[in-house]
Amino acid sequence: MSQKTNVLKVLALVVLSVGITTSSFAKEKVYKLKLATTWGTSASPLIDAAKNMAKYANEMSNGRLSIKVDSSNKHKSPFGVFDMVKGGQYDIAHSTSYFWKGKDINTLPFTTMPFGMTAPEQYAWFYHGGGLNLMQKAYKKHGMLSFPGGNTGVQMGGWFRKEINSVEDLKGLKMRIPGFAGEIMAKHGVLVTNIAPGELYTSLERGTIDALEWVGPSMDITMGFHKIAPYYYTGWHEPGAETQFLVNIKKMNKLPKDLQKILTLSMKLAAFDMYTQNYHMSALAWDKMLKEYPGIKVKSLPKEVMHSLKKVNDELLAKITKDNPFVKEILDSQNAYMKKAREWTKISDYLYIKDNL
Ligand code: CA
């Protein structure tokens, strides 16, 4: 046999084996999952976390995991995603844990707590301080898993049309501030209102409300609040709001082990991406806002007001934990972790910035 024939034979084998490999990949089963978001199509960076996750899962699995993302524009039920994943109509959701406190109070602490941890502190708690285990324990009875889904960082205290100089100034103030922070404000005589996002700008402009909180520069800029309210207060109520991926446990268990791993890693990666994307968006948005509206005044609530908010926060939490031992376990874990982590934050990030201003 000539050398040339041998080479041709080898080449033929290579071509044949490549052909077999390709066709065996093509025959592999594609697992199709459906994901519902609480957010609409334009709610960047929240919606991007879900889309990026689906993209990573598809790419890393070589097409074997195919996740269809439906925004709330499609499924029309932003706050129905918990029940839809629990009931199996959807396999995954991208949303936020504290939305479900009315269904199950144990879900409250997994987003952010007033006066609680910052995003890096909280991520350390989730991944290294036992937080993720506590979150899975909370969602198990609903047949779901929950994973961090991306963080907004410190949320701003909100846009105010008038200055707050004392606790007295809060009395009668009409403000949009949802959730647990709204309850704290209500205890201070604030008239807490719940207005649809699309009507917030007009309500603030016309004085139907005096103040509102939204997120931070990244998402506030498109709402335009900076054009009509001169005071931008610093945050206290959502120091590191974490979104979540909710996954139906049965659907997760039906996936082959490698795809379970790919899905979990895709969620972790998409969460990190949202955190950095939001930071970037806020940096650019704040720069733009200040250039266009140099009169914006950044304010912190006076110490007296902060102390009062914190006192009421502690009182409300004491009431909740009295009747709910598992919430107490979660909050105790967070507070113990924060106590340690904060000492490090103080001598690292805090002093570094303070000493280099
Ligand atoms: Ca907010």
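Remember, it's 1-based here, ligands and their atoms both numbered in the order they're listed.
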Less than 3.5 Å apart, which donor and acceptor atoms pair up between the side chains of residues 219-227 and the rest of the protein, not counting sequence neighbours?
| unit_1 | atom_1 | unit_2 | atom_2 | d |
| --- | --- | --- | --- | --- |
| Asp220 | OD1 | Val215 | N | 3.0 |
| Asp220 | OD1 | Gly216 | N | 3.2 |
| Asp220 | OD2 | Trp159 | NE1 | 3.0 |
| Asp220 | OD2 | Tyr232 | OH | 2.7 |
| Thr222 | OG1 | Met219 | O | 3.3 |

Sort by chain and number the protein N/O/S atoms that are closer than 3.0 Å to the Ca ion (ligand 1), and list them. Gln155 OE1, Glu213 OE1, Glu213 OE2, Trp214 O, Glu238 OE1

Decide whether Glu163 and Tyr233 meet the rule of one side-chain donor and one side-chain acceptor closer than 3.5 Å. no

Under 3.5 Å, is there a donor-acceptor pair between the Glu242 and Tyr123 side chains? yes

Side-chain donor-acceptor pairs under 3.5 Å in residues 349-357, sequence neighbours left out?
| unit_1 | atom_1 | unit_2 | atom_2 | d |
| --- | --- | --- | --- | --- |
| Asn356 | ND2 | Tyr352 | O | 2.6 |

Using modelled atom types and a 3.5 Å cut-off, is there a donor and acceptor pairing between side-chain atoms of Ser282 and backbone atoms of Ser218? yes

Could you list who else is in Val154's hydrophobic cluster, with ILVMFWY side chains joined at under 4.5 Å, directly or through other members? none

